[in-house]
Amino acid sequence: MPRPRPFDDAFGAELDRLFRWRRDVRHFQATSLPENMVAELVATASRAPSVGYSQPWRFVRVADAARRARIHAIFSACNAEALAAQPAERAALYARLKLSGLAEAPEHLAVFVDGEAPTGGGLGRATMPETLAFSAVLAIHTLWLAAAARGVGLGWVSILDPVAVAQALEVPAGWRLVAYLCLGYPVEPAETPELERCGWESRIAPSDLMLQR
Ligand SMILES: Cc1cc2nc3c(=O)[nH]c(=O)nc-3n(C[C@H](O)[C@H](O)[C@H](O)COP(=O)(O)O)c2cc1C
């Protein structure tokens with residue numbers, strides 16, 4: 001006799017719907033999020049799995065206008081470099097992409113990994129030290145889904161110089177940038193990625209992503 005499951009089929013179907021509708025959002029409404037929303041999302045994100053239970057994720061809520069302006073300037077410089085590096089046939093399309101909602105998003109959240117986190121006692125990461133950063137990525141994905149479930153959009157900005165961002169935010173030595181996140185209510189929900197709608201990339205068939213040995 002199977003044990004009762006904590007979640008029923010209806011919940012599973014809703015969860016699948018969440019996975020399908022979770023988007024990277026770059027177009028935000030100006031409306032602020034409720035004051036406790038970011039803290040609530042960070043608390044949920046902190047339930048993510050982590051190597052050796054190290055919980056190496058660190059969050060910085062960036063509210064200061066001058067610091068936000070520095071981050072935006074870092075993005076603009078990095079994005080200009082990325083545009084210059086595009087092959088000729090991609091450059092015009094790249095120039096049209098909107099690759100951050102930094103100017104509009106009501107909330108900015110920088111996520112770091114503490115490379116010197118003593119928690120976890122080094123368990124599991126001796127052979128693969130990158131598992132510490134993988135753990136921070138899992139926290140981000142958890143936060144992304146929790147945000148989507150609340151109708152909050154999240155945009156991941158990686159076109160940044162991570163050292164310059166760490167300096168701009170004056171974080172402790174040993175913290176390495178994993179993601180800079182924009183959060184806010186999306187202008188409109190979308191079932192397909194923006195990069196697919198713009199013709200930049202298309203979805204790969206799952207059967208093409210799996211080998212059998
Ligand atoms: C590690 C990582 C870095 C990303 N960096 C950026 C970025 O700098 N700018 C941007 O517009 N989107 C960025 N994205 C979002 C992706 O473009 C997006 O996830 C992808 O196009 C699929 O769309 P979807 O998330 O809506 O399904 C990033 C996503 C990940 C996972």
Side-chain angles (χ1 to χ4, degrees), residues 5-8 11-12 14-26 28 31-64 67-68 71 100-102 105-160 162-163 165-186:
R5 293 185 292 151
F7 307 105
D8 61 16
F11 174 79
E14 279 296 276
L15 189 58
D16 280 345
R17 211 160 64 82
L18 175 66
F19 292 142
R20 204 161 42 247
W21 281 90
R22 179 219 48 82
R23 288 278 73 77
D24 186 84
V25 174
R26 299 105 192 221
F28 295 98
T31 319
S32 305
L33 297 180
E35 180 48 38
N36 61 346
M37 179 67 82
V38 170
E40 195 181 307
L41 292 174
V42 164
T44 299
S46 301
R47 294 190 179 277
S50 58
V51 64
Y53 201 17
S54 54
Q55 304 151 77
W57 39 75
R58 305 288 181 263
F59 301 91
V60 180
R61 187 178 180 187
V62 185
D64 179 68
R67 290 193 204 268
R68 283 191 179 194
I71 302 294
S100 97
L102 287 168
E107 291 286 347
H108 288 197
L109 189 67
V111 187
F112 292 82
V113 60
D114 182 355
E116 291 160 14
T119 31
L123 191 155
R125 66 176 116 127
T127 49
M128 293 178 65
E130 62 274 31
T131 49
L132 214 54
F134 294 171
S135 304
V137 172
L138 286 165
I140 295 164
H141 192 227
T142 303
L143 195 150
W144 206 335
L145 292 169
R150 290 162 174 77
V152 173
L154 178 153
W156 184 322
V157 186
S158 58
I159 305 166
L160 292 166
V163 174
V165 172
Q167 283 168 354
L169 300 181
E170 294 182 275
V171 297
W175 287 23
R176 194 158 48 86
L177 184 74
V178 177
Y180 195 91
L181 308 177
C182 295
L183 291 154
Y185 294 112

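All residue numbers in this chain count up from 1 along the given sequence.
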Problem - salt bridge (Lys or Arg N to Asp or Glu O under 4.0 Å) evaluation trace for Glu35 with Arg61 - result: CA-CA 12 Å; Glu35 180 48 38; Arg61 187 178 180 187; 3.2 Å; yes

Exercise for the section: Under the side-chain contact (heavy atoms from CB on, under 4.5 Å) rule, what do Ile71 and Leu169 come out as? Steps first, then yes or no, please. Expected result: CA-CA 9 Å; Ile71 302 294; Leu169 300 181; 4.2 Å; yes

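Interatomic distance, Leu109 CG to Leu41 CG, rounded to the nearest 0.5 Å: 8.5 Å. Annotation: the span from Leu132 atom CG to Arg125 atom CZ amounts to 4.5 Å, rounded to 0.5 Å. If you take OH on Tyr185 and OG1 on Thr31, they are separated by 7.5 Å, rounding to the nearest 0.5 Å. Within the model, atoms CG of Leu181 and CD of Glu107 stand 11.5 Å from one another, a figure rounded to the nearest 0.5 Å. Distance CG/Leu154 to CZ/Arg23: 12.5 Å, rounded to 0.5 Å. The CG atom of Asp114 sits 7.5 Å away from atom OG1 of Thr119, with the distance rounded to the nearest 0.5 Å.
Under a cut-off of 6.0 angstrom, the local environment of CZ in Arg150 is crowded, with over 12 non-hydrogen atoms contributed by other residues, nucleotides or ligands. Atom CZ of Arg176 sits in a sparse spot, with 12 or fewer heavy atoms from other residues, nucleotides or ligands closer than 6.0 Å.
The side-chain contact (heavy atoms from CB on, under 4.5 Å) test with Val165 singles out one residue from Val62, Val60, Leu160, and that residue is Leu160.
Within the 4.5 Å cutoff, no side-chain heavy atoms of Phe28 are placed close to those of Leu183. Contact of the Cys182 side chain with the Leu102 side chain is registered, since non-hydrogen atoms from C-beta on lie closer than 4.5 Å. Residues Arg26 and Asp24 form a side-chain contact, since some pair of their non-hydrogen atoms from C-beta on lies under 4.5 Å apart. Considering only heavy atoms from C-beta on, Ser46 comes within 4.5 Å of Phe59 through its side chain. Side-chain contact between Val113 and Trp57 is absent, with no heavy-atom pair separated by less than 4.5 Å.
Minimum interatomic distance between Thr131 and Met128 (heavy atoms only, all atoms of both residues): OG1-O, 2.6 Å. Of all heavy-atom pairs between Arg58 and Ala117, the closest is NH2-CB, 3.9 Å. Of all heavy-atom pairs spanning Gly184 and Leu33, the tightest one is CA-CD2, 4.0 Å.
Classified by interplanar angle (parallel below 30°, tilted 30° to 60°, perpendicular above 60°), the ring pair His108/Tyr180 is perpendicular.
With Glu14 contributing its side chain and Gly12 its backbone, the two residues share no donor-acceptor pair below 3.5 Å. The main-chain N or O of Ser135 is never found under 3.5 Å from a side-chain atom of Ser50 such that the two would form a donor-acceptor pair.
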